[in-house]
Amino acid sequence: MSSKHVLVINCGSSSLKYALYAIGDATPLQTGLAEELNSPNARHISKDLSGNRQSFDTPNASHGDSIQAIVDALNCEFNLSDSLIAVGHRVVHGGERFNKATLIDDSVLAEIKQCIQLAPLHNPANITGIELLQKQFPEVPQVAVFDTAFHQTMPEHAYRYAIPSEFYTKYGVRRYGFHGTSHQYVASSTAQHIGKPIENCSFITAHLGNGASVCAIENGKSVDTSMGMTPLEGLVMGTRSGDVDPGLIGFLGSQGYDCARIDKILNKQSGLLGLSGISNDCRTLEEQASKGNKEAQLALKVFCYRLAKYIAGMRIALTQCDGLIFTGGIGENSVFIRKETVALLKGLGFTIDEELNRDITDNVCAIQSTVSLPIFVSRTDEERLIAEQSAALCS
Ligand code: AMP
């Protein structure tokens with residue numbers, strides 16, 4: 001096979017996603033996921049171009065074991081040693097240093113390591129992935145695509161916290177924002193769909209998955225977003241609280257909770273899971289809510305209310321608005337969440353067409369009523385954008 005390939009690696013704290021692309025093809029040759037790494041339940045699931053799935057248990061596999069297994073299998077099938085022209089890595093935090101996809105050399109890697117203090121759960125896993133792939137393919141360029149990079153265009157009044165300036169200058173305490181690759185991808189594909197150059201488009205994008213954030217995009221650039229210094233700020237998420245009164249931290253401290261415990265409560269035990277006491281999974285909660293479960297109903301109501309409030313807030317960051325875009329696992333699939341959220345946004349000029357809202361068949365679909373500002377459901381594809389940016393840097 002003479003095709004050239006780009007491999008995309010997305011290491012999470014306990015998971016790993018990958019996708020292999022032939023240059024010029026939008027659809028990956030193979031995608032895969034390793035879950036619950038470093039635990040007895042670790043497993044590996046892969047899917048090829050024809051949709052064939054393979055799943056096997058890999059008890060206690062580490063990120064390293066998993067990457068090695070993936071590379072060995074791909075090498076066998078696609079002869080990567082000869083065909084690979086780039087590896088693209090999703091890196092969660094690039095601090096203020098990185099505003100675009102960047103070729104990784106020793107100094108770039110050192111700066112990614114410096115950002116560990118800002119993203120202690122995520123950057124170490126990203127670095128593990130980079131170092132392993134560097135070792136495996138020393139001749140192949142590695143590219144870092146940062147979750148924070150797209151938001152580096154935010155103006156200072158949007159990214160500064162109203163706390164003493166020394167915390168910004170000394171420690172870099174400011175709002176950075178995340179999910180940048182996804183916000184950028186759906187804004188571009190929706191611009192293409194409406195036939196307008198992205199440089200002239202302004203959107204409010206809502207990436208709603210297990211993590212969730214909203215972004216105000218003016219003329220193709222991020223001007224505000226709901227996540228902050230860490231991915232905890234903003235919307236209600238699967239297990240993250242989103243905004244709470246900062247006074248809560250001191251209060252819990254005074255009740256004997258230490259930092260690690262507070263961090264765990266707000267990041268892993270809150271959000272939809274904390275409110276419902278049932279699940280962090282939107283589908284499960286919708287099912288339970290439809291059967292009359294009050295906690296599930298409340299969790300979904302808080303989710304939609306906070307989301308609508310943030311979308312309304314983002315509108316003031318834009319001088320004009322070409323539309324509201326829903327994406328992510330919930331944004332793309334939940335008829336209920338879109339309907340309930342848009343119902344709260346009537347005052348902003350958004351109303352939904354219920355039939356269109358139920359009938360999402362294309363990568364970009366308009367779902368507004370005839371009297372509404374545009375509302376879109378756009379499928380995100382972070383891996384594809386990472387592959388494109390990596391290939392562009394290395395070709
Ligand atoms: P992500 O993190 O983007 O993979 O999104 C995961 C979230 O999407 C979970 O909360 C899922 O329950 C939710 N989700 C996926 N499919 C659906 C669906 N058909 N209806 C409602 N939520 C869904």
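Please read all numbers here as calculations on a predicted model, not as lab measurements. Order of listing sets the numbers, starting from 1, for every ligand and every atom in it. Just so you know, residue 1 is the first one in the sequence shown, and it goes up from there.
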Notebook entry, point to check: Which residue holds the protein heavy atom closest to atom 10 (O) of ligand 1, what is that atom called, and what is the gap in Å?
Noted result: Cys282 N, 3.1 Å
Next item on the list: Check the pair His63 / Thr128 against side chain to side chain donor-acceptor pair (under 3.5 Å), numbers first and verdict last.
Entry: CA-CA 7 Å; His63 281 91; Thr128 304; 5.7 Å; no
Check: Under a single-linkage rule joining Ile, Leu, Val, Met, Phe, Trp and Tyr whose side-chain heavy atoms are separated by less than 4.5 Å, which residues share a cluster with Leu266?
Finding: Leu232, Val244, Leu248, Ile249, Phe251, Leu252, Tyr257, Ile262, Ile265
Next item on the list: Consider every N or O of Asp281 and every N or O of ligand 1, then say whether any pair is closer than 3.5 Å.
Entry: yes
Item checked: Full working for salt bridge (Lys or Arg N to Asp or Glu O under 4.0 Å) between Glu388 and Arg384 -> CA-CA 6 Å; Glu388 284 173 3; Arg384 180 172 161 194; 3.1 Å; yes
Notebook entry, point to check: How close does the nearest protein non-hydrogen atom get to atom 13 (C) of ligand 1, and which residue and atom is it?
Noted result: Ile330 CG1, 3.6 Å
Notebook entry, point to check: Who pairs with Ala191 by side chain to side chain contact (heavy atoms under 4.5 Å, CB included), at least two apart in sequence or on another chain?
Noted result: Ile198, Cys201, Phe203
Notebook entry, point to check: Which atoms of ligand 1 have any heavy atom of Asn210 under 4.0 Å away?
Noted result: 1 (P), 2 (O), 5 (O), 6 (C)
Next item on the list: Under 4.0 Å from a heavy atom of Gly209: give me the atoms of ligand 1 that qualify, with their elements.
Entry: 1 (P), 2 (O), 3 (O), 5 (O)
Notebook entry, point to check: Of Gly329, Gly331, Ser334, which has the heavy atom at the shortest distance from atom 23 (C) of ligand 1?
Noted result: Gly329
Item checked: Passing option when Gln30 is tested against Leu74, Asn52, Leu7 for side chain to side chain contact (heavy atoms under 4.5 Å, CB included) -> Leu74
Notebook entry, point to check: Can you find a pair of side-chain heavy atoms, one from Leu16 and one from Cys11, that are under 4.5 Å apart?
Noted result: yes
Notebook entry, point to check: Should the pair Arg174 and Tyr176 be classed as cation-pi, given the thresholds of under 6.0 Å to the six-membered ring centre and 45° from the axis?
Noted result: yes
Next item on the list: For atom 18 (C) of ligand 1, find the nearest protein heavy atom and state the residue, atom name and distance (0.1 Å precision).
Entry: Asn333 CB, 3.4 Å
Check: Would you say atom 4 (O) of ligand 1 touches the protein, meaning some protein heavy atom is under 4.0 Å from it?
Finding: no
Notebook entry, point to check: Which atoms from ligand 1 have a heavy atom of Glu286 less than 4.0 Å away?
Noted result: 21 (C)
